[in-house]
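We use all heavy atoms of the structure for the numbers below, so side chains are in, but hydrogens, waters and symmetry mates are not. All chains are named by letter (A, B, ...) in the order of the sequence lines, taking the proteins before the strands, and each is independently numbered beginning at 1.
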Amino acid sequence: MSQTRKFMYINRHAPYGTVYALEGLEVVLIGAAFEQDVCMAFIGDGVFQLKQGQDTTDSGMKNFSPAYRALGDYEVNRLYVERESLEERGLTEADLMPLTWEDEEDDWAEKPSIQLVSRAQLSGLLEEQDVIFNF
Amino acid sequence: MKFSVMVNEGPYTHQASDTAYHFIRAALDAGHEIFRVFFYHDGVNNGTRMTTPPQDDRHIVNRWSELGEAHDLDLVVCVAAAQRRGIADADEAKRNGKDGDNIAPGFRISGLGQLIEAGIQSDRLLVFGD
Amino acid sequence: MLHTVNKSPFDSQSLKTCLGLARSGSDILLIEDGVYGALVGTAHAAMLDQALKEVSIYALGPDLKARGLPEDRLIRGIKVVGFDGFVELASANDKVQSWL
């Protein structure tokens with residue numbers, strides 16, 4: 001297993017209403033150990049996964065939003081958010097969790113993990129991948 | 001060509017398991033190899049031998065077991081998803097203090113790493129789900 | 001690249017999302033409830049007519065048949081394939097993306 005493949009995890013579900021976001025994130029975190037070229041894409045309701053201020057105290061659900069903050073430590077540091085999906089939902093980047101990673105090759109400078117991309121850019125990114133998972 | 005297939009929904013509620021089954025049969029008929037079938041989310045419910053459908057309907061679980069035996073398929077149920085949904089083999093049942101196991105013949109329980117490995121080792125990975 | 005869509009366009013954004021992201025020259029296969037998107041004369045037919053100028057669209061025959069949808073009710077240009085054709089599409093394309 002020496003070859004490195006390009007993995008994209010596409011997230012299209014909102015959190016809590018279904019389990020896909022939570023169990024999808026578990027795949028990403030486990031997959032990080034395999035040292036592949038990994039990125040995530042958030043499309044449609046998937047952008048709601050990154051919404052700031054999730055608080056499940058009163059709903060009794062498991063709040064897994066803090067786990068997104070760990071992605072940078074697992075070298076999952078390219079989170080592509082489709083700009084059109086965000087705008088359709090009345091959100092801006094300021095509504096999303098400020099996720100960052102530390103760039104080892106740049107004196108551990110803290111850099112943002114979330115990148116807003118247009119639908120056209122995302123279309124090109126899809127074509128570059130070797131393996132695509134959809135959650 | 002080497003295929004792997006991910007099944008994300010349980011039997012009967014959603015067609016995903018049926019579609020995955022027929023796709024795999026067609027791939028085998030065409031001479032392709034199936035590296036692994038990985039059951040995730042509610043898809044782990046395809047791997048319980050307690051399933052008892054009415055006699056006039058297809059038996060989705062037995063169908064997987066039979067196809068697995070006939071073609072030596074690696075049918076893997078995700079351990080984390082299985083624990084949440086009450087699917088256990090003898091080892092898992094013992095480890096979690098349960099009074100019995102329910103895994104169907106031909107299935108095995110293992111970790112998510114098996115899915116990532118399938119993505120790395122296979123020429124194509126197909127996802128069937130909701 | 002092969003895209004599969006398994007949702008009815010009357011109930012889900014999956015087909016629209018897929019068509020919005022599929023590159024020119026892509027193959028798109030409608031399966032399960034996705035085959036309802038292949039019907040002629042619907043509110044979504046114009047979207048598919050437009051898409052057919054740039055991508056190839058297929059519908060899974062067994063799923064059409066199960067739902068009582070004859071081939072003469074499909075949008076012109078949509079091709080019907082069986083599971084053998086599904087396997088061929090998955091082999092011929094470099095990867096498969098499932099728009100669930």
Answer with side chain, backbone, both or neither: which region of [X] has an atom nearer than 4.5 Å to a non-hydrogen atom of chain C?
X: A:Arg119; value: both
X: A:Ile43; value: side chain
X: A:Asp45; value: neither

With a cut-off of 6.0 Å (strictly less than), are more than 12 heavy atoms of other residues, nucleotides or ligands near [atom1] of [X]?
X: A:Lys51; atom1: NZ; value: yes
X: C:Lys65; atom1: NZ; value: no
X: A:Tyr74; atom1: OH; value: no

- request: Specify which of A:Met8, A:Glu82, A:Gln129, A:Glu84 makes the most heavy-atom pairs with chain C at under 4.5 Å.
  value: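 Looking at each option in turn, the highest pair count goes to A:Gln129.
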query: Non-hydrogen atoms of chain A under 4.5 Å away: do they reach the side chain of C:Ser14, the backbone, both or neither?
result: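 Looking at C:Ser14, backbone and side chain both touch chain A.
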task: Please flag which part of C:Thr17 lies under 4.5 Å from any non-hydrogen atom of chain A: side chain, backbone, both or neither.
output: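 Only the side chain of C:Thr17 comes within 4.5 Å of chain A.
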field: Separation of C:Thr4 OG1 from A:Asn134 CG (nearest 0.5 Å)
entry: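 Reported to 0.5 Å precision, the distance equals 8.5 Å.
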query: Atom CG in A:Leu126, atom CE in C:Met1: separation rounded to 0.5 Å?
result: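 If we round to the nearest 0.5 Å, A:Leu126:CG and C:Met1:CE are 4.5 Å apart.
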query: Taking all non-hydrogen atoms of both residues, which atom of A:Ser123 and which atom of C:Ala22 are closest, and how far apart?
result: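 Looking at all heavy atoms of both residues, the closest pair is OG-C, 4.4 Å.
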message: To check you understand the geometry: which heavy-atom pair defines the closest contact between C:Ser26 and A:Glu127, and what is its length?
response: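 Between these two residues, the closest heavy atoms are OG-OE2, 4.1 Å.
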query: Among all residues two or more places apart in sequence or in another chain, which pass the side chain to side chain donor-acceptor pair (under 3.5 Å) test with A:Ser118?
result: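 Counting only residues at least two positions away or on another chain, A:Ser118 forms a side chain to side chain donor-acceptor pair (under 3.5 Å) with A:Gln121.
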Which residues share a ring pair (Phe, Tyr, Trp, His ring centres under 6.0 Å) with A:Phe133, sequence neighbours left out: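 Listed in chain order: A:Phe7, A:Tyr9.
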task: Tell me, out of C:Gln97, C:Arg23, C:Gln13, who's got the most heavy-atom pairs with chain A below 4.5 Å.
output: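 Of the candidates given, the most pairs with chain A belong to C:Arg23.
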query: Do the non-hydrogen side-chain atoms of C:Lys95 and A:Val131 ever get within less than 4.5 Å of each other?
result: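 Result no, sub-4.5 Å side-chain heavy-atom pair not found.
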